[in-house]
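Accompanying notes for the structure given below.
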Amino acid sequence: MPTYVTTPIYYVNAMPHLGHAYTTIVADVYSRFRRLCGDDVRFQTGTDEHGEKIAEAAAKAGETPREYVDRIAATFRETWPLLSIQPDYIIRTTDADHVKTVQDILQQVYDKGDIYFSEYSGLYCKGCERFLTEKELVDGKCPDHQVEPKAITEQNYFFRMSKYQDWLIDHINSNPEFITPERYRNEVLSFLSEPLEDLCISRPTARLTWGIPLPFDQNFVTYVWFDALINYLTGLGYPDGPDFETYWAGAEHVIAKDILKPHAIFWPTMLRAMEIEPYKRLHVHGYWNVDATKMSKSIGNVVRPKELVDAYGVDTVRYFVLREMSFGLDSSFSGDAILARHNSDLANDLGNLFSRSLTMIDKYAAGRVPERDSATLLTPDDRELMSAVSAMVVQYCENMDAFKFHKALQAVWEVISLLNRYIVTNAPWELAKDDRLADRLHTVLYFLAESLWKITLALGPIMPATAEKMAAALGMREQFAAAVIEDVQEWGEIPAGTVIDKGAQLFPRVDKKGAASAPVAAKVQGKKAAKAPKSDQEPEPALGEGLISFDQFKAVELRVAEIVAAEKVAKSDRLLKLTIKAPEERTIVAGIAQHYNPEALIGQRVIIVANLKPAKLMGIPSQGMVLAAKELLADGTEKLVVTTVAGDVAVGSRVA
Ligand code: MSP
């Protein structure tokens, strides 16, 4: 089905920052994902160039509005390629076709009787470019701009928005996905539980000339929101362009919560008055904050996308924003967080897995993807891997479609971790020592290559350059260009004999130096030296596959802990919630419910990983991991035995 993905059109009174970059990256990722699903997609972004704010910014810069908007619109346009964002169309509200469409629509709605002339007194916030209701104020100020709105009385034109209130409530109620996530849908419904006022849609030219003149009264220009929202139609060539016919039914708008009301209330009612079907979905995300404050030019805490790209590379930036923010909720930006994601998730988990796997295919299969041995049975490890990959595809698709990007990525990283374990358990370097095990060795290497190919396809929409590099290294460059999501579901996609290129190094590590003070001051370690490794150079680890250095071991903090309470986790067959002392008290959720009665564990002294990053399991925060031995039984099931400490040793002692 054709899909039309849009971002807000950004005001040109500020340079692009991480907030603008985030929305536009999300729209780009979603567009690429829909294309991977075989959809015909049109993706549009643009700039909002009329209104009081822009006129003022131009005056301040000593430029005419036209000079000013041309200059800033160009900086937005130039930012997108730096972030690998590829819109199909970039609209500007000063484009001649847009001006004409807005005027035609105004005339049509006016002729219909849904625009009328009246006097209005209200509290006007220049930052929001709209009148605010008393209820919206916090301590008498606009909560977004921290200024007291100005009391204004003037004659203006009004759009009969109230006429469409009941229709809108019905529409939202009967289309649960119209506004997502649900919290914003509820917010809109709660707002609509009070009578809706009509919308003032003009500004007298005595006060503002930088706008589109009303076709029926030259003494007024259009209110900026009435002008701006229509961009979504102009970009499709409305009313006569063929793209409007093709794409409008699949319109999906992406915005942040600051502009929820114009998109969830003004826009659908405007469309109704124009007799156009409402858009399909509105996706609303939270704010990127810095130290709990919304990132904005006026506060002066902005993070520039270009600086981040220079320090970490474009794909790290794209991965980071999607992995770090739960779509819908606010997120805090910090240099430490992006550094940790780069080094841990990308350089370590993904990068090492990839280079390690390719090195082994190079070394043990003469650089060609080997054939899977179909004569012998699959091991439980192979089966676990195959079902984990199938589960990944399902979760990936569901979560990408629902804009839960962090969850889609978690699903991919579960397979990455599993593959790292698969390598250790199957130890190809051991298999390679015995010619009689060559078939098994080839099967293991085949599974590695196939799984990496599936990961490559899933990561394509999020990290396009990295995925392309991975595809080329796997000898699948051409297939990558034509890939569809079904390729992730099928096994046996890489033909036996495909020549791989082990030279690819995906993510050079980034040094922490200087990253703490300035958010983006991290430097790429030995940037020049880290470029393409020489072909005879062994990728990490140089110690021999499967071995870790003493330093790596030391980084894991193992401690003796005592279990003081244990209970089953509701709705889970696998999980127990343990309260342990190590010596401080903490909660650890362990996957041992099928192997232990909770009571039997109380008083046991066990070994825990004390410095594991906290995680939530079934909504319970877990701070660490209890070590357990895993025995694979003949029937393919597993037996888990928790490691206990026999000697008399104080709780909290380090294990080394
Ligand atoms: N011009 C209007 C939108 C008209 S759309 C028909 C406008 N422009 S804006 O430049 O202020 O852009 C607001 C949008 O920028 C937000 O909705 C969001 O997409 C993005 N962001 C700006 N700051 C942001 C954060 N701090 N965090 C996340 N996104 C932010 O409103």
Side-chain angles (χ1 to χ4, degrees), residues 4-28 30 44-54 57 69 72-73 75-76 79-80 83 85 90-94 98 101-102 125-130 142 144-145 184 210-211 222-235 251-268 270-271 279 282-305 321-322 324-333 403 519:
Y4 177 38
V5 184
T6 70
T7 73
I9 46 170
Y10 304 109
Y11 286 131
V12 287
N13 65 340
M15 297 294 202
H17 61 58
L18 183 66
H20 307 117
Y22 175 71
T23 318
T24 322
I25 289 173
V26 162
D28 182 78
Y30 183 67
Q44 175 171 310
T45 184
T47 39
D48 194 353
E49 307 187 3
H50 290 126
E52 237 174 301
K53 278 205 277 203
I54 311 297
V69 298
I72 312 286
T75 67
F76 275 91
T79 297
W80 308 140
L83 293 163
I85 291 169
I90 302 182
I91 193 165
R92 300 180 56 183
T93 52
T94 49
H98 177 72
T101 305
V102 171
C125 172
K126 207 187 289 173
C128 296
E129 298 254 21
R130 68 180 175 91
C142 161
D144 278 347
H145 298 94
Y184 295 110
W210 185 240
T222 326
Y223 166 48
V224 69
W225 273 105
F226 209 92
D227 160 358
L229 289 160
I230 289 172
N231 92 84
Y232 299 132
L233 297 179
T234 316
E252 305 202 37
H253 301 311
V254 188
I255 60 164
K257 61 185 180 182
D258 52 344
I259 51 177
L260 175 62
K261 201 171 154 189
H263 281 82
I265 297 179
F266 303 178
W267 184 223
M270 281 166 65
L271 286 164
Y279 50 80
L282 176 67
H283 305 276
V284 189
H285 64 77
Y287 292 149
W288 277 99
N289 293 328
V290 175
D291 300 329
T293 313
K294 184 188 171 196
M295 190 180 302
S296 83
K297 191 185 85 162
S298 43
I299 301 168
N301 59 352
V302 290
V303 175
R304 300 287 173 206
V321 291
L322 292 187
E324 199 71 11
M325 182 175 252
S326 303
F327 193 90
L329 303 178
D330 290 355
S331 218
S332 218
F333 176 85
F403 277 59

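Throughout, residue positions are numbered sequentially from 1 according to the sequence presented. Both counts, for ligands and for their atoms, begin at 1 and track the order of listing. As a basis for the values below, the full set of heavy atoms in this structure was taken, side chains included, without hydrogen atoms, waters or symmetry mates. Remember, it's a predicted structure, so these values are computed and weren't measured experimentally.
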(request) Could you tell me which non-hydrogen atom of Lys53 sits nearest to which non-hydrogen atom of Lys126, and how far apart they are? (result) CG-O, 3.7 Å
(request) Number the atoms of ligand 1 from 1 as they appear, then name those within less than 4.0 Å of a heavy atom of Asp48, with their elements. (result) 1 (N), 2 (C), 4 (C)
(request) May I ask you to identify, for His285, whether its side chain, its backbone, both or neither come under 4.0 Å of ligand 1 on a heavy-atom basis? (result) side chain
(request) Take the angle between the ring planes of His263 and Trp225 and call it parallel below 30°, perpendicular above 60°, tilted in between. (result) perpendicular
(message) Would you say His253 and Trp267 are linked by a side-chain donor-acceptor pair, where the criterion is simply a distance under 3.5 Å?
(response) yes
(request) Could you tell me whether some N/O pair between Tyr232 and ligand 1 is separated by less than 3.5 angstrom? (result) no
(message) Which residue and atom name correspond to the protein heavy atom nearest atom 3 (C) of ligand 1, and how close is it?
(response) Ile9 O, 3.2 Å
(request) Pull out every atom of ligand 1 sitting under 4.0 Å from any heavy atom of His17, numbered as shown with elements. (result) 22 (C), 23 (N), 24 (C)
(request) State whether the shortest distance between N or O atoms of Ala228 and N or O atoms of ligand 1 falls below 3.5 angstrom. (result) no
(message) For atom 31 (O) of ligand 1, what's the nearest protein heavy-atom neighbour? Residue, atom name and distance, please.
(response) Ile259 CG2, 3.4 Å
(request) Kindly write out the residues that satisfy ring pair (Phe, Tyr, Trp, His ring centres under 6.0 Å) with Tyr287, not counting sequence neighbours, or none if the list is empty. (result) none
(request) List every atom of ligand 1 that sits less than 4.0 Å from any heavy atom of Tyr287, numbering the atoms from 1 in the order shown and giving each element. (result) 27 (N), 28 (C)
(message) Quick check on contacts: which atoms of ligand 1 are under 4.0 angstrom from a heavy atom of Asn231?
(response) 6 (C)
(message) Contact between ligand 1 and His263 is defined here as a heavy atom of the residue under 4.0 Å from a ligand atom; is it met?
(response) yes
(request) Tell me, please: is Gly286 in heavy-atom contact with ligand 1, that is, under 4.0 Å? (result) yes
(message) For atom 8 (N) of ligand 1, what's the nearest protein heavy-atom neighbour? Residue, atom name and distance, please.
(response) Tyr11 CD1, 3.3 Å
(request) Run down the list Thr93, Thr23, Asp330 and name the one with the heavy atom closest to atom 18 (C) of ligand 1. (result) Thr23
(message) Under a 3.5 Å threshold, yes or no: a donor from one side chain and an acceptor from the other, between Tyr10 and Thr24?
(response) yes
(request) Considering non-hydrogen atoms only, spot the tightest contact between Thr23 and Thr7 and give its length. (result) O-CG2, 4.2 Å
(request) State the atoms of ligand 1, each with its element, that fall below the 4.0 Å cut-off from a heavy-atom position in Trp225. (result) 2 (C), 3 (C), 4 (C), 5 (S), 6 (C)
(message) Please state which option from Val290, Val321, Val303, Asp258 has its nearest heavy atom closest to atom 17 (O) of ligand 1.
(response) Asp258
(request) May I ask you to check whether Tyr10 has an N/O atom sitting below 3.5 Å from an N/O atom of ligand 1? (result) no
(request) Measure across Val290 and Asn301 and return the closest heavy-atom pair with its distance rounded to 0.1 Å. (result) CG2-O, 3.6 Å
(request) Describe, in one word, how the ring planes of Phe403 and Tyr30 are oriented to each other, choosing from parallel (under 30°), tilted (30 to 60°) and perpendicular (over 60°). (result) tilted
(request) Do me a favour and list the nearest non-hydrogen protein atom to atom 27 (N) of ligand 1 with residue, atom name and distance? (result) Trp288 N, 2.9 Å
